[in-house]
Amino acid sequence: MFVSKLLLRLFLLLPVTAALAQAPLIETAETVPAADQWLQPGDRLQVRLKGQPGATATFLGAN
Amino acid sequence: MTEMPPTLTNGQLGIYQGTYVVQPGDTLPDRPIAFELLTPDSMLTVAFSQNKVRFLNQNAPQLAVTKGPLAYLNYGLGEDRLGGAKMGYLDSLVVLHITGKVGNQYRVRLAENQTAWVPENNVRFLPPGGFAPASLTGSWIVQGDSLYDYVRVPLTERLPYRSQVLTEPSRLVIDVFGATSNTNWITQRAGLQALGDVHYEQVQPDVFRLVLHLRHRQSWGYGIGYQNNVLTVRVKRPPAKMSLRGLTVAVDAGHGGPNTGAVGASGAREKDLTLAIAQRLQRALERKGARVLMTRDADVSVDNGDRILRLRQSNPDLLVSIHVNSSGNKAVRGTSTYYRYVAFRPLSTALYTEMLATGLPGFGNVGSFNFGLNGPTEYPNALVETAFVSNPEDERLLTSPDFQQQMAESMVRGWQIFCGLVGSPVCAAG
Ligand SMILES: [Zn+2]
């Protein structure tokens with residue numbers, strides 16, 4: 001735990017690289033519940049995405 | 001997808017949610033869901049869900065059969081330390097129409113608007129091309145042999161079922177899913193002792209309900225299974241002589257081996273306490289002339305599934321399962337008893353009353369208890385959480401040989417009262 005904190009601190013002191021400046025646009029993208037699912041007509045596929053605010057998120061190629 | 005207002009996400013920004021209702025004709029093979037996020041400055045990112053989703057084709061029904069001796073249905077997807085709430089056990093090779101899956105459970109279509117869930121390791125899929133399970137019911141034969149009363153309902157395949165004993169009047173009610181009546185007579189032959197009026201109702205077009213009235217107020221258990229495709233209900237009779245002498249009683253010492261159970265502040269272990277009390281109970285019962293079956297009589301690990309199977313095979317008249325309770329709150333103490341089915345509540349109540357007579361405070365008599373060993377319907381059963389090992393005073397009592405003996409004798413009296421409840425003074429007298 002201590003070591004990783006130290007590494008993180010060192011890392012933050014490094015010059016900011018392009019990769020670091022760009023937080024991932026999508027942090028997580030999951031089905032709800034987060035489990036493998038078989039669905040049939042009439043069933044609901046529910047999803048949740050965590051990412052950059054103020055954007056347009058889509059899944060299954062739709063809205 | 002919709003970005004959630006921060007008031008609904010504990011202030012978090014950038015949470016998007018979406019729902020898609022699967023439409024007829026939609027196809028999706030088992031694969032991760034693709035997501036896209038497009039920022040106002042036209043940056044596009046793609047991500048995939050970790051989990052896979054499949055849309056089933058309703059024109060190709062998925063059929064499976066139950067496998068193993070302990071296949072069961074759940075009501076829903078709930079999970080806790082007792083597992084999901086169980087609808088009941090099923091015989092093997094029962095045909096199930098699978099209409100969905102979440103995690104490691106398949107959804108089962110029982111009938112119009114009736115579903116259940118089955119753990120994936122309880123079933124084996126059939127080759128494609130089969131029809132959704134359905135059957136007409138044949139005419140019944142109801143008869144008794146030297147041991148049991150039987151109801152036999154011929155079907156053309158093994159359909160799923162659900163059962164319960166209702167009280168006042170005491171009756172066994174069994175719903176058979178996918179079954180429609182062509183029962184044109186019910187033949188009642190000689191030898192019936194436990195069954196009274198037997199009839200059926202068609203509660204909806206695809207649910208056939210057997211209503212089997214019991215002649216005794218107290219049910220001594222029943223089993224449901226298939227002989228070929230004949231649904232066979234085996235109803236147990238009250239013991240011929242209502243006395244502990246001659247009864248086969250099962251005593252289950254909880255935990256054992258590496259499964260220590262709860263541990264008290266002074267180091268008392270549940271597995272040792274349950275065994276000590278169970279062995280005292282065994283001796284007390286044997287002194288009364290009962291035949292005692294122990295699920296374990298040493299410090300060994302016995303899986304709860306194996307305990308249930310062994311009990312089913314040895315077919316006892318009664319079971320008590322002995323445990324020791326534990327709470328994060330050291331002040332909590334007292335004795336409690338647990339039963340699953342209202343039919344067996346009188347046993348649990350009698351045990352509770354007698355456990356209270358030891359002077360332990362009451363923690364409650366608890367019904368609908370979803371614990372494996374309370375699941376069998378074949379014999380009256382109850383579980384006793386003797387006292388709280390997490391409470392110093394209870395722990396002192398639990399470790400006292402004198403008090404262990406007192407608790408064992410209380411359980412014997414509980415059984416005697418239970419037997420007395422069912423109408424004979426002989427058992428109550430010992
Ligand atoms: Zn326990």
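Computation of the quantities below employed the complete heavy-atom set of this structure, encompassing side-chain atoms and omitting hydrogens, waters and symmetry-equivalent molecules. Note on naming: letters A, B, ... go to the chains in the order of the sequence lines (proteins, then strands), and numbering restarts at 1 for each one. Worth saying up front: this structure is predicted, and the values here are computed from it rather than measured.
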Chemist: Side chains of B/Gln17 and A/Gln46: does their closest heavy-atom pair fall under 4.5 Å?
Modeler: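 When only atoms from C-beta onward are counted, A/Gln46 and B/Gln17 do not touch, as no gap falls below 4.5 Å.
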
Chemist: Is there a side chain to side chain contact (heavy atoms under 4.5 Å, CB included) between A/Gln37 and B/Asn51 once you walk through the steps?
Modeler: CA-CA 8 Å; A/Gln37 298 178 40; B/Asn51 295 107; over 6 Å; no

Chemist: Please confirm whether the backbone N or O of A/Gly54 pairs with a side-chain atom of B/Glu3, one donor and one acceptor, at under 3.5 Å?
Modeler: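 Present.
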
Chemist: Which of these, A/Gln52, A/Lys50, A/Glu27, sits in a side chain to side chain contact (heavy atoms under 4.5 Å, CB included) with B/Leu37?
Modeler: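 That would be A/Gln52; it is the only one of A/Gln52, A/Lys50, A/Glu27 passing the side chain to side chain contact (heavy atoms under 4.5 Å, CB included) with B/Leu37.
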
Chemist: Could you tell me which portion of B/Ala34 (side chain, backbone, both or neither) has an atom closer than 4.5 angstrom to a non-hydrogen atom of chain A?
Modeler: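 B/Ala34 touches chain A through backbone heavy atoms alone.
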
Chemist: Going from CG on A/Asp36 to NZ on B/Lys52, what distance comes out if it is rounded to the nearest 0.5 angstrom?
Modeler: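 Separation between the atoms: 7.0 Å.
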
Chemist: Nearest 0.5 Å, what's the CD1-CZ distance between A/Ile26 and B/Phe48?
Modeler: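 These two atoms lie 9.5 Å from each other.
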
Chemist: For the residue pair A/Val47 and B/Ser49, establish whether any side-chain heavy-atom pair is separated by less than 4.5 Å.
Modeler: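 In short, these two side chains do not touch, never coming nearer than 4.5 Å.
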
Chemist: Drop me the distance from B/Leu28's CG to A/Leu60's CG, to the nearest 0.5 angstrom.
Modeler: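 So the gap between those two atoms works out to 6.5 Å.
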
Chemist: Heavy-atom pairs under 4.5 Å with chain A are the metric here; pick the option from B/Asn104, B/Asn57, B/Val102 that has the most.
Modeler: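 Highest number of pairs under 4.5 Å: B/Val102.
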
Chemist: Using a 4.5 angstrom heavy-atom cutoff, name the option from B/Leu13, B/Ile33, B/Thr19 with the most pairs to chain A.
Modeler: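 The option with the most such pairs is B/Thr19.
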
Chemist: In the structure I gave you, are the side-chain heavy atoms of B/Gln23 and A/Pro41 within less than 4.5 Å of one another anywhere?
Modeler: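 The answer is no, as the side chains (C-beta and beyond) never meet within the 4.5 Å cut-off.
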
Chemist: Working to the nearest 0.5 angstrom, can you tell me the gap between A/Leu49 CG and B/Met4 CE?
Modeler: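 Output value for this atom pair is 13.0 Å.
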
Chemist: Fit a plane to each ring of B/Phe125 and A/Trp38, take the angle between them on a 0 to 90° scale, and name the class: parallel (under 30°), tilted (30 to 60°) or perpendicular (over 60°).
Modeler: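 Ring orientation of B/Phe125 relative to A/Trp38: tilted.
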
Chemist: So for B/Gln12, is it side chain, backbone, both, or neither that comes closer than 4.5 Å to the heavy atoms of chain A?
Modeler: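 The side chain, not the backbone.
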
Chemist: Roughly how far, to the nearest 0.5 Å, is the CG atom of A/Asp43 from the CZ atom of B/Phe55?
Modeler: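 If I round to the nearest 0.5 Å, the distance is 9.0 Å.
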
